[in-house]
S.K.: 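Just dropping this structure here.
Just so it is clear, the structure is predicted and the values come from calculations on it, not from any experiment.
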Amino acid sequence: MAKRALITGVTGQDGSYLAEFLLEKGYEVFGLRRRTSTPNYENVEHIKNKINWVSGDLTDMASLIEAVQLSNPDEVYNLAAQSFVAASWPQPLATGQMTALAVTNMLEAVRLIKPEARFYQASSSEMFGKVIETPQKETTPFYPRSPYGVAKVYGHFITVNYRESFGMFACSGILFNHESPRRGLEFVTRKVTDAVARIKLGLQSELRMGNLDALRDWGFAGDYVKAMWLMLQQDEADDYVISTGETHSVEELLEVAFSYVGLKWKDYVVIDPEFVRPAEVDLLLGDCSKAKEKLGWNQEVGFIELVQMMVDADLKKMKNIEVNI
């Protein structure tokens, strides 16, 4: 009999890659859908009819209980959140509701209705923030530097708490930055590749950026969702850092993206103080040796390949828009 998985945040970058991955493995996939006036199915358009849609909202526990009853899942992947770090300063309470307390709602719904289901929580490298040690591993203390990071720390520890208090199979993946052509335009990688495509096609003249020295551990989202699934296939629930183990600066990102289309980034990039965070996270570098050893997980897509894949996708998208106008 096919395994059943419930995914929150299924229309997002990670949710869409995970849904694809699980469908290929023969799962029956249920996607939690929040009611909006104009649903955005862009990332899942090609598999929309293969997903069983259930209505619910992470801030409304009654709807989550019903969603768990309807889907009767073997595995629950909680990927939904207010996931844009910059938006968490002007919206700290909303971030707390959706990124922190919502995790408790989801865990509690699973505990009450299907306690034997395996639960995955999307933790984040932003929890490390002002890092205490480099590289960061599962035992590195957290020092979050944004309301988003603080909310993710709550979500992480409430997941540990449910595992230890109720014996639930609940684990967290501490994922470092992971990108793809499905990344939202507000994120720096996609902001850059979208701008490169527009500048190359003569649709934009400059790109405004913040801190070019920030260092990040960037991987491909399609690789990282496999790690999520692997965590739920183990004999015991545990938490894992998922990363590439190498860092690149925002300046390197610009260099790779612009040079790929034959342009020099310095001719187009303008530094704008508006894009500098109130409290910057300067260096994130993950040590994923535990995941490699225990899960047998490995990344397949490297940094340069990832950036070029994103530029190609944005060029294609821009050309399609031009053709259709």
S.K.: Taking the side chain from Trp218 and the backbone from Val307, do they hold a donor-acceptor pair closer than 3.5 Å?
M.R.: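 Side chain of Trp218 to backbone of Val307: no pair is present.
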S.K.: Let me confirm one number: the OG1-CG distance from Thr134 to Asp287, rounded to the nearest 0.5 Å.
M.R.: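 Going from the OG1 atom of Thr134 to the CG atom of Asp287 covers 11.0 Å.
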S.K.: Within this structure, what is the CG-CD distance for the pair Leu230 and Gln233, rounded to the nearest 0.5 Å?
M.R.: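 Nearest 0.5 Å value for the CG-CD distance: 7.0 Å.
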S.K.: Keeping the roles fixed (side chain from Thr193, backbone from Val311), state whether a donor-acceptor pair exists under 3.5 Å.
M.R.: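 No.
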S.K.: For the side chain of Arg118 and the backbone of Leu232, is there at least one donor-acceptor N/O pair under 3.5 Å apart?
M.R.: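 Yes, Arg118 side chain to Leu232 backbone: donor-acceptor pair under 3.5 Å.
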S.K.: Please check: side-chain N/O of Arg4 versus main-chain N/O of Asp74, any donor-acceptor pairing under 3.5 Å?
M.R.: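 Pair absent, no side-chain N/O of Arg4 close to backbone of Asp74.
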S.K.: Suppose we call two aromatic rings close when their centres sit under 6.0 Å apart. Are Phe128 and Phe142 close by that rule?
M.R.: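 Yes, the ring centres sit under 6.0 Å apart.
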S.K.: Could you check whether any side-chain heavy atom of Leu284 comes within less than 4.5 Å of a side-chain heavy atom of Leu215, counting everything from C-beta outward?
M.R.: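 Not touching, per the 4.5 Å side-chain cut-off.
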S.K.: Are the side chains of Phe119 and Cys171 in touch, meaning some heavy atoms are under 4.5 Å apart?
M.R.: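 No. Closest side-chain heavy atoms not under 4.5 Å.
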S.K.: Working to the nearest 0.5 angstrom, can you tell me the gap between Leu295 CG and Lys292 NZ?
M.R.: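 Leu295 atom CG to Lys292 atom NZ measures 12.0 Å (nearest 0.5 Å).
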S.K.: Just checking, any donor-acceptor pair under 3.5 angstrom between side chains of Tyr17 and Asp223?
M.R.: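 Note: Tyr17 and Asp223 side chains miss the donor-acceptor criterion.
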S.K.: Tell me if a side-chain donor or acceptor on Lys130 pairs with a main-chain N or O of Tyr143 at a distance below 3.5 Å.
M.R.: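 Looks like no, no N/O pair under 3.5 Å.
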S.K.: Are Lys137 and Thr140 close enough that some pair of their side-chain heavy atoms sits under 4.5 Å apart?
M.R.: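 Of all side-chain heavy-atom pairs linking Thr140 with Lys137, at least one is under 4.5 Å.
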S.K.: List the atom of Ala117, the atom of Pro73, and the distance in Å for their closest heavy-atom pair.
M.R.: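 Looks like CB-O, 3.4 Å.
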S.K.: Ignoring hydrogens and geometry, is there a side-chain-to-backbone donor-acceptor pair from Thr8 to Ala80 under 3.5 Å?
M.R.: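 Looks like yes, one N/O pair under 3.5 Å.
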S.K.: Can Arg216 and Glu246 be said to form a salt bridge (charged side-chain N to carboxylate O under 4.0 Å, His left out), step by step?
M.R.: CA-CA 8 Å; Arg216 290 292 181 273; Glu246 56 181 57; over 6 Å; no
S.K.: Linking Ile, Leu, Val, Met, Phe, Trp and Tyr by side-chain heavy atoms under 4.5 Å, what else ends up with Leu185?
M.R.: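 Its cluster mates, by chain and number: none.
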S.K.: Can you list the steps and then say if Ile51 with Val10 is a side-chain contact (heavy atoms from CB on, under 4.5 Å)?
M.R.: CA-CA 9 Å; Ile51 295 171; Val10 72; 4.1 Å; yes
S.K.: Apply side-chain hydrogen bond (donor to acceptor under 3.5 Å, both in side chains) to Gln97 and Thr59, showing your working.
M.R.: CA-CA 7 Å; Gln97 289 284 348; Thr59 60; over 6 Å; no
S.K.: Measure the CD1-CD distance between Ile113 and Glu66 for me, rounded to the nearest 0.5 Å.
M.R.: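 The CD1 atom of Ile113 sits 10.5 Å away from the CD atom of Glu66.
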S.K.: Are Ser172 and Gln121 linked by a side-chain donor-acceptor pair shorter than 3.5 Å?
M.R.: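 There is no such pair (donor and acceptor under 3.5 Å, judged by atom type) between the side chains of Ser172 and Gln121.
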S.K.: Over all heavy atoms of both residues, which pair between Ala237 and Arg163 is shortest? Give the atoms and the distance, please.
M.R.: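 Reported closest heavy-atom pair: CB-CD, 3.7 Å.
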S.K.: Between Met61 and Ala109, what is the shortest heavy-atom contact and its length?
M.R.: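 Heavy atoms of Met61 and Ala109 come nearest at CE-N, 4.1 Å.
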S.K.: Ignoring hydrogens and angles, state whether a donor on the side chain of Thr95 or Gln82 is under 3.5 Å from an acceptor on the partner side chain.
M.R.: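 Per modelled atom types, Thr95 and Gln82 side chains form a pair under 3.5 Å.
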S.K.: Decide yes or no for Met209 and Val250: does some side-chain heavy atom of the first lie under 4.5 Å from some side-chain heavy atom of the second?
M.R.: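 Heavy-atom side-chain distance check passes, below 4.5 Å.
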S.K.: Under 3.5 Å, is there a donor-acceptor pair between the Thr189 and Arg183 side chains?
M.R.: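 Not at all, the side chains of Thr189 and Arg183 share no donor-acceptor pair under 3.5 Å.
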S.K.: Supply the atom-to-atom distance Gln204 CD to Met318 CE, rounded to the nearest 0.5 angstrom.
M.R.: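 Result: 8.5 Å between the selected atoms.
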S.K.: Would one find more than 12 heavy atoms of other residues, nucleotides or ligands at under 6.0 Å from atom CD1 of Ile132?
M.R.: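 Result for CD1/Ile132: enclosed.
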S.K.: For the backbone of Phe176 and the side chain of Asp217, can you confirm whether one donor and one acceptor N or O come within less than 3.5 Å of each other?
M.R.: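 Not at all, since once roles are kept as given, no pair shorter than 3.5 Å links the two residues.
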S.K.: Can Lys226 and Glu300 be said to form a salt bridge (charged side-chain N to carboxylate O under 4.0 Å, His left out), step by step?
M.R.: CA-CA 11 Å; Lys226 293 173 191 167; Glu300 292 171 29; 3.4 Å; yes
S.K.: Are Lys290 and Asp238 ion-paired here, with the side-chain N under 4.0 Å from a carboxylate O?
M.R.: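 Judged by the 4.0 Å cut-off on N to carboxylate O distance, Lys290 and Asp238 do form a salt bridge.
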S.K.: Of the non-hydrogen atoms in Ala86 and Pro90, which two are nearest, and what is the gap between them?
M.R.: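 Heavy-atom minimum between the residues: O-CD, 3.3 Å.
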S.K.: Only one of Leu112, Leu32, Val110 passes side chain to side chain contact (heavy atoms under 4.5 Å, CB included) with Val68; say which it is.
M.R.: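 Testing Val68 for a side chain to side chain contact (heavy atoms under 4.5 Å, CB included) against Leu112, Leu32, Val110 leaves exactly one candidate, Val110.
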S.K.: Is there a donor-acceptor pair under 3.5 Å between the side chain of Gln234 and the backbone N or O of Glu236?
M.R.: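 Pair absent, no side-chain N/O of Gln234 close to backbone of Glu236.
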S.K.: Can you find a heavy atom in the side chain of Val256 that is under 4.5 Å from one in the side chain of Phe303?
M.R.: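 Side-chain contact under 4.5 Å: yes.
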S.K.: Could you grab the distance from atom CZ of Arg198 to atom NZ of Lys317, nearest 0.5 Å is fine?
M.R.: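 Reported to 0.5 Å precision, the distance equals 10.0 Å.
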S.K.: Any chance the side chains of Tyr162 and Glu108 put a donor and an acceptor closer than 3.5 Å?
M.R.: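 Result is yes, a qualifying pair exists.
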S.K.: After noting the C-alpha distance and the side-chain angles of Glu20 and His46, does the key distance pass the side-chain contact (heavy atoms from CB on, under 4.5 Å) rule?
M.R.: CA-CA 9 Å; Glu20 260 176 16; His46 59 301; 2.4 Å; yes
S.K.: Does one side chain, of Asp213 or Ser249, offer a donor that lies under 3.5 Å from an acceptor on the other?
M.R.: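 Asp213 vs Ser249: no donor-acceptor pair found between side chains.
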S.K.: Quick one: side-chain contact (heavy atoms from CB on, under 4.5 Å) partners of Glu255, sequence neighbours excluded?
M.R.: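 By the side-chain contact (heavy atoms from CB on, under 4.5 Å) rule, Glu255 matches Ser259, Trp265.
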S.K.: Minimum heavy-atom separation for Ile47 to Ala19, with atom names?
M.R.: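 For Ile47 and Ala19, the tightest heavy-atom pair comes out as CD1-CB, 3.8 Å.
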S.K.: Under 3.5 Å, which donor-acceptor pairs do the side chains of residues 149-161 form with other protein atoms, sequence neighbours left out?
M.R.:
| unit_1 | atom_1 | unit_2 | atom_2 | d |
| --- | --- | --- | --- | --- |
| Lys152 | NZ | Ala122 | O | 2.5 |
| Tyr154 | OH | Thr104 | OG1 | 2.9 |
| His156 | ND1 | Ser123 | OG | 2.9 |
| Thr159 | OG1 | Gly155 | O | 2.8 |
| Asn161 | OD1 | Ser165 | OG | 3.3 |

S.K.: Tell me, do Glu75 and Ile7 make a side-chain contact under 4.5 Å, heavy atoms counted?
M.R.: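 SC-SC contact between Glu75 and Ile7 ruled out.
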S.K.: Taking side chain as C-beta onward, heavy atoms only, is Cys288 less than 4.5 Å from Ile242?
M.R.: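 No - every pair of side-chain heavy atoms lies 4.5 Å or more apart.
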S.K.: So Leu207 and Lys191, do their side chains get closer than 4.5 Å, heavy atoms only?
M.R.: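 In short, these two side chains touch, coming nearer than 4.5 Å.
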S.K.: Do you know the tightest heavy-atom contact between Pro181 and Arg190?
M.R.: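 For Pro181 and Arg190, the tightest heavy-atom pair comes out as O-NH1, 3.7 Å.
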S.K.: Quick one about Tyr41 and Arg33 (side-chain donor to acceptor, distance below 3.5 Å, no hydrogens or angles considered), yes or no?
M.R.: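 Result is yes, a qualifying pair exists.
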S.K.: If we check ring-ring contact (aromatic ring centres under 6.0 Å, His included) with Trp229, which of these qualifies: Tyr224, Phe21, Trp297, Tyr120?
M.R.: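 Considering Tyr224, Phe21, Trp297, Tyr120, a ring-ring contact (aromatic ring centres under 6.0 Å, His included) with Trp229 is found only for Phe21.
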S.K.: Please determine whether residues Leu306 and Tyr260 belong to a single hydrophobic cluster, defined as Ile, Leu, Val, Met, Phe, Trp and Tyr linked transitively by side-chain heavy-atom distances below 4.5 Å.
M.R.: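 Result: no, two separate clusters.
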S.K.: Has Asn105 got a side-chain atom pairing as donor or acceptor with Leu58's backbone, closer than 3.5 angstrom?
M.R.: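 The answer is yes, because a donor-acceptor pair under 3.5 Å joins these two groups.
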S.K.: Report the C-alpha distance between Phe166 and Leu107 in whole Å, list the side-chain angles of each, state the deciding distance to 0.1 Å, and finish with yes or no for side-chain contact (heavy atoms from CB on, under 4.5 Å).
M.R.: CA-CA 11 Å; Phe166 304 114; Leu107 280 162; over 6 Å; no
S.K.: Where the side chain of Glu251 meets the backbone of Leu212, is there a donor-acceptor pair that is under 3.5 Å apart?
M.R.: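 Checked: no pair found.
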S.K.: Is there a path of hydrophobic side-chain contacts, each under 4.5 Å between heavy atoms of I/L/V/M/F/W/Y residues, joining Leu22 to Phe220?
M.R.: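 Yes; tracing contacts between hydrophobic side chains, which count when under 4.5 Å, links both residues.
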